[in-house]
Amino acid sequence: MRRGDGGGAAVKLARLAACALWAVLPAVACAAPGAQAILAASDAIRNPDRPFGLTVTLIEYRDGRQTDTTTLGVYSKADANSGQFRSLIRFVAPPRDADKLMLKNGNDLWFYDPSSKASIRLSPQQRLLGQAANGDVVTVNLAKDYKAELAAEEDVQDGERQNRHCYKLDLSAASPDVTYDRIEMWIDTASSRPVKARFYTESGRLLKSAYYRHYQAQLGVERPTETVIIDGLDPNWVTVMRYSDYSWRDVPEIWLQRDYLPRFKPE
Amino acid sequence: MRAWLMMALLAAAPARAADDDAAALSLADTTPASTQQASDWRVFLEGAWAESALRDGAGTEHDEHLFLDVHYDKTLAPAWRAVFADLVDSHWQDSISHQNAVNTVIDAYLSWQARPDAIADVGRINTRYGAGVGYNPTDYFRVNAIRSIISIDPASLRENRLGSVMVRGQALWTAGSLTAIYSPKLADQPSDSAFSPDFGATNFRDRWLLAASHQIAANFNPQLLVFGGANASPQIGLNLTTLVNDATVAYVEYSGGRTQSLLSQALLLPPDTAFRSQVAAGFTYTTASNVSLTLEYEYNGAGLNQEGWNALRSGPPAAYAQYRAYAADVQDPPTTRRLFANARWQDAGLNHLDLSAFAYYDVVDASRQFWIEARYHWTHVDVAVQWQLNSGAPGSEYGALPALHTWQALLTYYF
């Protein structure tokens, strides 16, 4: 029989789920002016300011061929104290993973398989594996975890191949727990929209690039409905993350714990 | 010359990156706009073909299984939910004429969320507790729950088993919950009938359980359990997991209380009730190259130590067989100490290829069991090959199993 609650499966699911959370990086109000405020404003573009739900579809390409598609239902809510988002994720597709669940609450990451009824704690490393190392971005609370410096103002091409006048921010880690030592981020000077980002290892190697695109009105704000992630080593490794079905959701605090995982069923 | 070359390369790099990005964005433009909707059903059909080499040159044995696994989870009304899960195992051994079928009702219950923080369930529920991977002493409702062993994989053993009929209530608060379960006696004897609900297997005595957990700190969420029932002293359970570092999760699972030894229970000997403990403790480490490794130490204070185990093995075969059968039914190791190792590698050098392996080592009799699986998956189809080896001295935990080694091929279709 299949190995339903395997740590290996959990690892991939964790990666994918974490990917999904790219969409829900918490916006942290930051009073500091300048670069830090620009960064906080771009966080607010991506992330609704009240508990919400959405559907995330991840489509992965290798060498131009579509190799994986995963659909997730995500509910998120910010912690009133830390500003960190806590999220419940339910796997919708592919069929073998349907109804598996994830809970991300800071460094607490739990995986639940409804077949084996097992709730397994995952380590952050289990989110960093493979190509969807983009998943670890969810641990990055940009305005909170990074110190931003204004590196330049320049015109760059956005995900729709339009020229945008952007602030180029250099983000350096302000917390030892973050995944990336450095991030370059381009933010539209007029709208505060995130346009693109590049993520680097400590040694300066490019891990991935991301384009935030297809802005649409969602929950009262023009937000990106797609992120295109390009692997830093293998540019033919591309993941498209689509966000749909945005809606305000009541997410009671009592849901955000391991023991509620078997109970969680998104509407 | 060299400096010029370096400058030329550096100048070319951003252009290459821009080209790569443009190509990736063009590819992303072709992605069709479609969203998969959640379904109340999960169904898969699996065929398994196995060949076992029997011990002592006794030839080979062929087994074929066809599994139909159905899960249904429906929100009937805002506060009401119905859950049903069932497994049908059609089994052929050696020839097409030796066929039998076993139906396992995993879940069949109704759930009522009276308030956001209070939930009640009634029906047949496969409830499971335990932080351990290879052994779960706090998984109190595991006893007699397996109707047919279709894989020795501990994950499969937890999934494919009978739920117990019970009433369950759960109260939730911020970062904590309390669960109370009452599972009544419904029948005396288990049934071998293919489609029997087999209440005698799971509900053979009155049982109750309390489970409480509360997140005391960011990385500390202990779970305490108290389990009891007719003709048995309460057992105290504890499950603890913690993050050691970014790559390692450590866990401890403990159950303890006054109970008879496994031998006394199995052979219906005069009660030798004493305080006994059972433990599974280990850690899972994930490497940077996508491999998760688990090492676990398992202790069963109700099992036989070396002296008792040797005495049983050299005694009457009927007593030995009865003990082994009982230990298998209650899913406890027959001896006191065992080691477990598990490795899983997702996308093992090839996208969609997963490798898994585990090994048990009985510390008391030095017998061993190995299991390895290679699994390749598409969107709806899995193909897997498994190999299992049981080695050890005659009468040892794994050396007594009839199959020396087994090959199994599986084909699974997920609807």
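Convention: sequence-line order gives letters A, B, ...; per-chain numbering from 1.
No hydrogens or angles considered: nothing links the side chains of A/Arg242 and B/Thr31 as a donor-acceptor pair under 3.5 Å. Using modelled atom types, one finds no donor on one side chain facing an acceptor on the other under 3.5 Å when comparing B/Gln113 with A/Arg263.
Atoms CG and OG, on B/Asp69 and A/Ser115 in that order, are 6.5 Å from each other to the nearest 0.5 Å. Rounding to the nearest 0.5 Å places CG of A/Asp68 at 7.5 Å from CG of B/Asp347. If you take CZ on A/Arg65 and CG on B/Leu27, they are separated by 12.0 Å, rounding to the nearest 0.5 Å. Atom CG of B/Asp117 sits about 13.0 Å away from atom CD of A/Glu253, to the nearest 0.5 Å.
Of all the heavy atoms in B/Val249 and A/Ser123, the pair that sits closest is CG2-N, 3.7 Å. Residues B/Phe415 and A/Pro95 come closest through the heavy atom pair O-CB, 3.6 Å. Residues A/Arg161 and B/Ala22 come closest through the heavy atom pair NH2-O, 4.3 Å. Nearest heavy atom pair, residue A/Val240 against residue B/Ala28, reads CG2-CB, 3.5 Å. The shortest heavy-atom contact between B/Gln223 and A/Asp259 is NE2-OD1, 4.4 Å. Across A/Thr71 and B/Gln36, no two heavy atoms sit closer than the pair OG1-CB, 3.5 Å.
Contacts of A/Asp234 with chain B are absent, with no heavy-atom separation under 4.5 Å from either backbone or side chain. Neither the backbone nor the side chain of A/Gln157 comes within less than 4.5 Å of any heavy atom in chain B. With a threshold of 4.5 angstrom between heavy atoms, A/Arg86 does not approach chain B through any atom at all. For A/Ile230, the part sitting under 4.5 Å from any heavy atom of chain B is the side chain, from C-beta outward, and nothing else. A/Asn236 does not touch chain B: none of its heavy atoms, backbone or side chain, sits under 4.5 Å away. Heavy atoms closer than 4.5 Å to chain B are found in the side chain of A/Thr55, but not in its backbone. Proximity to chain B is limited to the side chain of A/Asp108, based on heavy atoms less than 4.5 angstrom apart. With a 4.5 Å cut-off on non-hydrogen atoms, B/Arg161 does not touch chain A at all. Contact of B/Ala247 with chain A is made through backbone and side chain together, with heavy-atom distances under 4.5 Å.
B/Asn351 places none of its side-chain heavy atoms less than 4.5 Å from the side chain of A/Trp237. Residues B/Ile119 and A/Tyr260 form a side-chain contact, since some pair of their non-hydrogen atoms from C-beta on lies under 4.5 Å apart. Contact annotation: the side chain of A/Pro94 never approaches that of B/His377 to less than 4.5 Å [non-hydrogen atoms, C-beta and beyond]. For the pair A/Arg213/B/Leu25, a side-chain contact is recorded, criterion being any heavy-atom separation below 4.5 Å from C-beta on. Between A/Gln257 and B/Ser177, the closest side-chain pair of non-hydrogen atoms falls below 4.5 Å.
Counting heavy-atom pairs under 4.5 Å between each of B/Asp73, B/Thr248, B/Thr284 and chain A puts B/Asp73 at the top. Ranked by non-hydrogen atom pairs under 4.5 Å with chain A, the options B/Asn221, B/Thr35, B/Thr294 are led by B/Asn221. Top candidate by heavy-atom pairs under 4.5 Å with chain A, chosen from B/Thr75, B/Leu243, B/Thr174, B/Val43, is B/Leu243. Ranked by non-hydrogen atom pairs under 4.5 Å with chain A, the options B/Pro78, B/Gly176, B/Ala33, B/Ala48 are led by B/Gly176. Of the listed residues (B/Ile106, B/Asp107, B/Thr30), the one with the most heavy-atom contacts under 4.5 Å to chain A is B/Asp107. By number of non-hydrogen pairs under 4.5 angstrom with chain B, the leading residue of A/Val228, A/Val92, A/Ile254, A/Leu206 is A/Ile254. When each of A/Thr69, A/Asp99, A/Ile59 is scored by its heavy-atom pairs under 4.5 Å with chain B, the top score falls to A/Asp99.
Judged by distance alone, the side chain of A/Arg96 and the main-chain N or O of B/Trp378 form a donor-acceptor pair under 3.5 Å.
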Yes or no on side chain to side chain contact (heavy atoms under 4.5 Å, CB included) for B/Asp21 and A/Arg198, after CA distance, side-chain angles and deciding distance? CA-CA 11 Å; B/Asp21 288 6; A/Arg198 295 197 191 279; 3.1 Å; yes
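We find that A/Lys117 and B/Asp139 are not joined by a salt bridge, their nearest charged nitrogen and carboxylate oxygen being 4.0 Å or further apart. Note on A/Asp113 versus B/Arg128: no salt bridge recorded, every NZ/NE/NH1/NH2 to OD/OE distance being 4.0 Å or above.
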